[in-house]
Amino acid sequence: MSKLWGGRFTKTAEEWVDAFGASIGFDQKLVKEDITGSLAHVTMLGKCGILPNDEVAQIKEGLKTLQKKAESGELEFSVQNEDIHLNLEKLLIDEIGPVGGKLHTGRSRNDQVATDMHLYLRNETKEIMEAVKSLQTALVNQAKQHVETLIPGYTHLQRAQPVSFAHHLMAYFWMLERDYGRYEDSLKRVNISPLGAGALAGTTFAIDREYSAELLGFEGIYENSLDAVSDRDFILEFLSSSATLMMHLSRLCEELILWSTQEFQFIEMDDSFATGSSIMPQKKNPDMAELIRGKTGRVYGSLFSLLTVLKGLPLAYNKDMQEDKEGMFDAVDTVKGSLNIFAGMIETMTVNSDTMEKAVHQDFSNATELADYLATKGLPFRQAHEVVGKLVLVAIEKGVYLLDLTLEEYKNASELFEEDIFDVLQPKTVVARRNSAGGTGFEQVKLALKKADHLLHVKEESHVPS
Ligand code: ARG
């Protein structure tokens, strides 16, 4: 079979060589974007008088037929035609005859593929932003149920100070808020048009790049044709935002996994997001959380892979760049899948508030309270720290917690202690009093939930369906 670019060649490559160079196996994912881009291009060719109206109409008709066939799965692609662009061009010529060969006037596959990728990522980024929002909503809903549920807060995975469980969950809300912002910001750079940059240098035809950009809903055009065809920063940005998002999800996965252990028993995963063991009948494994933690690795991999592909590439297009696609497609699927599963896990998990409550009563995480107490009464904090450290030791030696020591024992440590310390040491008081901005005090947590509701509402209002 002869190639669309076969004129200069005296022999054809062997099939296995074609197969190695072909991208049709994966870039057929861009079929819709490629047709959309072509429709805009040919409309522009018509408007600029580069092609006569009847030919433009024929080509558009043909492209729409291909679009319909693509939707019903009737299009047959071949490796000989290398990629989605050449396959569609060939199919168009088959459909409407030689006039189909005029579609590529004033265009190159280099600006064409870049256009497709911009269209694809614009759409997927918006869908991912929606999924981020759904997970944020799930977190807020779960948090609202647990403003007054206490959980040990950790540093170094050692009990540090008790916190509201809602506060803990909301930490992830804010991470996701930054993730959302990163995707949103990246859209500025995704939403510009490379179309019309040609192979690398522009074209001799009197095209109107602004017009085709407008037809495609782009906010502007690349200023430099070389940059337009060789820029893949927008994909790197997408992968980098996705890697960060996955890192956040992975951290929460780790906590969910820990919390569902026999040792913690803070939560129980809903049966629909857990699996059993084929040999140990008692087991319920938090598989989905583990899997998302694991999938984080492949998104990092795609980011590094593309950074490596691009480093050292001279301008402008190089075939290396065909390697930009699979990692991006994979990251899109991984991120969307992970976000959707996550929202489900958070919505359906059972929170064992009693176990959490018991935990905060059985530790020394209220020790800072005593030090603050003495400091408030004028003892320099460093000395207060020392006094309380000794009291903790007394309690450990007696095998009790701070609330179990007597006032006399407190007085022995410092005359500044009064009866009210027994209230001050209550975990609920401990949490309630951390009312500094952004702290875990119940008032602060309620305020944060209000802010979160507002942010979600604003996103809802500004949502433009992609
Ligand atoms: N399949 C190619 C890619 O994905 C399309 C652009 C090819 N351009 C070229 N001059 N070979 O990068």
Side-chain angles (χ1 to χ4, degrees), residues 1-9 12-13 15-38 40-41 66 70 75-93 101 103-124 190 193-203 212 216 222 224-236 238-239 302 305-332:
M1 196 168 93
S2 70
K3 296 279 165 57
L4 285 181
W5 40 254
R8 171 209 194 288
F9 286 72
T12 53
E15 213 170 299
W16 62 275
V17 178
D18 277 349
F20 186 78
S23 55
I24 187 64
F26 47 88
D27 68 11
Q28 52 184 280
K29 242 201 164 94
L30 298 171
V31 64
K32 198 171 122 219
E33 286 77 10
D34 201 71
I35 294 175
T36 306
S38 288
H41 178 66
L66 293 186
L75 289 187
E76 274 186 36
F77 302 123
S78 85
V79 160
Q80 274 67 40
N81 287 320
E82 199 177 322
D83 57 24
I84 188 63
H85 325 294
L86 293 177
N87 267 278
L88 282 174
E89 192 176 330
K90 177 77 172 48
L91 288 165
L92 181 69
I93 294 167
L103 168 63
H104 214 52
T105 312
R107 184 177 77 168
S108 151
R109 270 190 296 159
N110 297 348
D111 57 342
Q112 188 178 355
V113 68
T115 304
D116 292 3
M117 303 282 272
H118 278 270
L119 291 173
Y120 171 83
L121 261 196
R122 181 176 72 189
N123 190 36
E124 293 297 346
V190 171
S193 177
L195 192 57
L200 75 165
T203 171
S212 54
L216 292 169
Y222 274 88
N224 179 300
S225 62
L226 292 163
D227 184 36
V229 290
S230 67
D231 173 35
R232 296 294 182 269
D233 296 1
F234 64 106
I235 307 176
L236 282 176
F238 171 78
L239 291 172
S302 299
S305 156
L306 185 57
L307 278 168
T308 313
V309 165
L310 294 174
K311 95 175 260 304
L313 286 189
L315 292 179
Y317 177 84
N318 299 271
K319 180 78 168 178
D320 315 44
M321 291 161 97
Q322 182 166 290
E323 286 294 308
D324 61 0
K325 287 174 200 60
E326 284 162 292
M328 176 188 71
F329 292 146
D330 187 75
V332 163

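For ligands, and for the atoms within them, numbers begin at 1 and follow the listed sequence. Small disclaimer: the values here were computed from a predicted structure and weren't measured.
- If you number the atoms of ligand 1 from 1 as listed, the ones under 4.0 Å from a heavy atom of His85 come out as 5 (C).
- Note: no N/O pair closer than 3.5 Å links Glu82 and ligand 1 by distance alone.
- Screening Arg109, Gln322, Lys325 against Asp83 for a side chain to side chain donor-acceptor pair (under 3.5 Å) leaves a single residue, Arg109.
- Evaluation of the salt bridge (charged side-chain N to carboxylate O under 4.0 Å, His left out) test over residues 307-324, restricted to residues two or more places apart or in two chains, returns Glu82-Lys319, Arg232-Asp324.
- Using a 30° and 60° split on the angle between ring planes, Phe329 and Tyr120 fall in the perpendicular class, above 60°.
- At the shortest separation from atom 4 (O) of ligand 1 among protein heavy atoms lies Lys325 NZ, 2.6 Å.
- Atoms of ligand 1 lying under 4.0 Å from at least one heavy atom of Gln322, given by number and element, are 1 (N), 2 (C), 3 (C), 4 (O), 12 (O).
- Of the protein's non-hydrogen atoms, the one nearest atom 7 (C) of ligand 1 is Tyr317 OH, 3.5 Å.
- When the heavy atoms of Arg232, Arg109, Gln112 are ranked by distance to atom 11 (N) of ligand 1, first place goes to Arg109.
- Listed by atom number, the atoms of ligand 1 under 4.0 Å from Ser23 heavy atoms are 1 (N).
- At a 4.0 Å heavy-atom cut-off, ligand 1 does not touch Lys319 at all.
- For ligand 1 and Asp83, the ligand atoms under 4.0 Å from any heavy atom of the residue are 1 (N), 2 (C), 5 (C).
- In this structure, the side chains of Asp111 and Ser108 come closer than 4.5 Å at one or more pairs of heavy atoms.
- Residues passing the ring-ring contact (aromatic ring centres under 6.0 Å, His included) test with Phe77, sequence neighbours excluded: none.
- Scanning the protein heavy atoms around atom 8 (N) of ligand 1, the nearest turns out to be Asn110 OD1, 2.9 Å.
- Surrounding CH2 of Trp16 are at most 12 heavy atoms belonging to other residues, nucleotides or ligands under 6.0 Å away.
- Not a single donor-acceptor pair under 3.5 Å links the side chain of His85 to the backbone N or O of Asn110.
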